[in-house]
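This structure is a prediction, so every number in the text was calculated from the model and none was measured. In what follows, chains carry the letters A, B, and so on, assigned in the order in which the sequence lines appear, proteins first and then strands, with residues in each chain numbered from 1.
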Amino acid sequence: MSAVSETHKAVLEARRPAVRRRWPLGLLLPLAATLLYEGLAQAGFVEARLLPAPSAVFAELKKLAANGDLLYHTTATLWRVLSGFALGALAGTFAGALTGASPLARRLLDPTLQALRAIPSLAWVPLFILWLGIFEASKVALIATGVFFPVYLGVMGAIRSVDRRIVEVGRIFRLSRVALAARILLPAILPEYVIALRSGMGLGFMFVVAAEIMGASEGLGYLLVDGQQLGKPAQILAAIVAFAIVGKLVDGAMALLARPLLAWQDAEAANG
Amino acid sequence: MLILDHVSKTWPSGTEALRGIDLDVQEGEILAIVGGSGCGKTTLLRCIAGLETPSRGRVVVDGDVIDSPHPAVGFVFQEPRLLPWLTVAGNIGFGIADLPKAERTARIDRMLALIGLSGYGGRWPKELSGGQAQRVAIARALIAKPQVILFDEPFSALDAVTRRQLHALVRRLRKETGTTMIIVTHDVDEAVALGDRIAVLQPHPGRVYRLLDGPGAKGGAPEAVRQRLVTALDGSLAEGSARSDAASSSAGLWW
């Protein structure tokens, strides 16, 4: 085998994420809580009319899944979250990159953006409804507002904390501004950027509930309101469980997509 | 090969870091620059690298005036400054990304062999010892085939054994590649071990105090060179503090 191919192989080998076979310890607590709750409900310690047993909640979930309601409402919610996330993350990335890279832009924009951040996002709801109507646009705008700030802060902070000594390595090799951004700044901020995006997505799910509660005819938030108005606590809990599962799956997908780009951090963790 | 023509540097605050440095470095030569803290060693090196612009004078490499980083000049920093998201191979090949992949890989492999790290190409920087990381930094500077490599106290954070190994590596690299090298150090033994010539800088502001020959036909035995260097360093520091005191008392007259 030639030395060339040996190096190439070694590089590929190092880039392959390590497969870890670990028991999902994180499931232990919710499983134990569910079993305890089910036991208490079966023993009659919990009033089923207000707090249905897990078996009743899962039966409700099963029913919603069988008649297609679960998929219908989950898709509606997911579409809103992803649309709002795309807009909010894009704007947050752009504004964060601008204020992170340019002290002038930071002095000009950051105080205003920080002031806007201090406003509870739900306070925007009446205005969004007035400006954009009661249908999808106002809901997506509210979610985008929620996503914007963690992404903005994350990107700005990440760019500001890039080690200037590493940037100097790029200068020594005469990288253009674009190449410097692509080959030094972007990889350097990537770990914090992924965290900011994941935080933004988490807030996106929080805001979609608010958006759907304030008026919607579809979506998991609608199932919550419908369950409350019709006195169906099992449906409310089923919608909450669906939110938790969808949110966790989306977050997991984001982490999985980012993993190949952050393989070097795995090496650090393995060493540490 | 490399000419420093009356290079001076004054910071915007008014602090004069360098005054009138004149040096002429021959092709394939190793010039060690020694001096106490604050004598402008690093500033001088950064001017040669094009990372700082001299306030007066000029730096010329092979006929080109250096006013920004130049392909003929490589730099090895005090810390390895490896990019943590690139493997060892990726770090070494960072400066030759525009070459065809096959040539790039071949050059990286040659460099890995040259620095004694064959088989380490796929490792991450975090998996290297300090000495190995500094070897990779040297290879990263060397792979683009610069005519001059500048070393800014590159071995100061390493233990004595590793330092000695890297001194041997630097001498071997010079022999095999013929690259001109300028090494800034505050370590007398390092200057004697590596320098064909040794420039002693004095502080306040940084100026060349003495230019000594390294060990060999002109300079004599290493111990003799070492003795001369220590004497010159003592003299440069005494001169530097005398100048500093004079400047302080002169400034005091205004108050």
Side-chain angles (χ1 to χ4, degrees), chain A residues 1-18 158-159 161-195 258-272, chain B residues 46 49-52 68-98 101-113 117-128 137 140-141 143-144 146 149-150 152:
Chain A
M1 185 185 285
S2 73
V4 175
S5 58
E6 190 187 327
T7 297
H8 187 58
K9 193 179 160 194
V11 171
L12 291 177
E13 200 65 38
R15 288 195 176 284
R16 190 174 299 145
I159 290 181
S161 65
V162 169
D163 189 344
R164 285 335 189 223
R165 293 174 306 171
I166 279 184
V167 175
E168 209 160 59
V169 173
R171 282 187 64 204
I172 275 290
F173 286 104
R174 303 165 306 285
L175 297 188
S176 64
R177 286 175 92 82
V178 175
L180 200 68
R183 297 183 62 195
I184 304 264
L185 285 181
L186 192 62
I189 69 163
L190 204 56
E192 287 165 72
Y193 186 44
V194 169
I195 290 172
R259 187 184 276 182
L261 301 171
L262 302 178
W264 57 277
Q265 284 202 312
D266 287 345
E268 281 189 49
N271 275 351
Chain B
R46 291 174 65 86
L51 291 170
E52 303 289 348
S68 61
H70 190 279
V73 184
F75 203 108
V76 178
F77 296 95
Q78 194 166 4
E79 335 75 43
R81 299 196 191 181
L82 301 183
L83 306 176
W85 56 87
L86 294 179
T87 59
V88 166
N91 269 287
I92 293 178
F94 185 78
I96 54 166
D98 49 345
K101 194 179 171 189
E103 188 186 341
R104 187 166 177 264
T105 315
R107 273 213 216 176
I108 291 169
D109 282 342
R110 271 204 301 277
M111 275 298 146
L112 282 168
L117 290 178
S118 293
Y120 279 66
R123 298 207 183 183
W124 298 106
K126 277 276 174 183
E127 297 171 312
L128 303 178
R140 178 176 64 187
I143 198 168
I149 294 191
L150 312 173
D152 184 10

Contacting moiety of A:A179, where chain B heavy atoms sit under 4.5 Å: neither
Where does B:R140 contact chain A at under 4.5 Å (heavy atoms): side chain, backbone, both or neither? both
Heavy-atom donor-acceptor pair, B:R81 side chain to A:V169 backbone, under 3.5 Å: no
Shortest non-hydrogen pair, B:L83 vs A:I166, comes out as CD2-CG2, 3.4 Å
Side chain, backbone, both or neither: which part of B:R46 has an atom under 4.5 Å from a heavy atom of chain A? side chain
Heavy-atom proximity to chain A below 4.5 Å, by part of B:P125: neither
Interatomic distance, A:W264 atom CH2 to B:T87 atom OG1 [nearest 0.5 angstrom]: 13.5 Å
Of all residues at least two apart in sequence or in a different chain, which pass the ring-ring contact (aromatic ring centres under 6.0 Å, His included) check with A:F173? B:F94
Exceeds 12 heavy-atom contacts within 6.0 angstrom, atom CZ of A:R177: no
Set of side-chain contact (heavy atoms from CB on, under 4.5 Å) partners for A:L180, sequence neighbours left out: A:V167, A:L175, A:I184
Go through the steps for B:F77 and A:E168 under the test side-chain contact (heavy atoms from CB on, under 4.5 Å), then give the verdict. CA-CA 10 Å; B:F77 296 95; A:E168 209 160 59; 3.6 Å; yes
Could you check whether any side-chain heavy atom of A:P187 comes within less than 4.5 Å of a side-chain heavy atom of B:L86, counting everything from C-beta outward? no
Enter the distance from B:E79:CD to A:D163:CG here, rounded to the nearest 0.5 Å. 8.0 Å
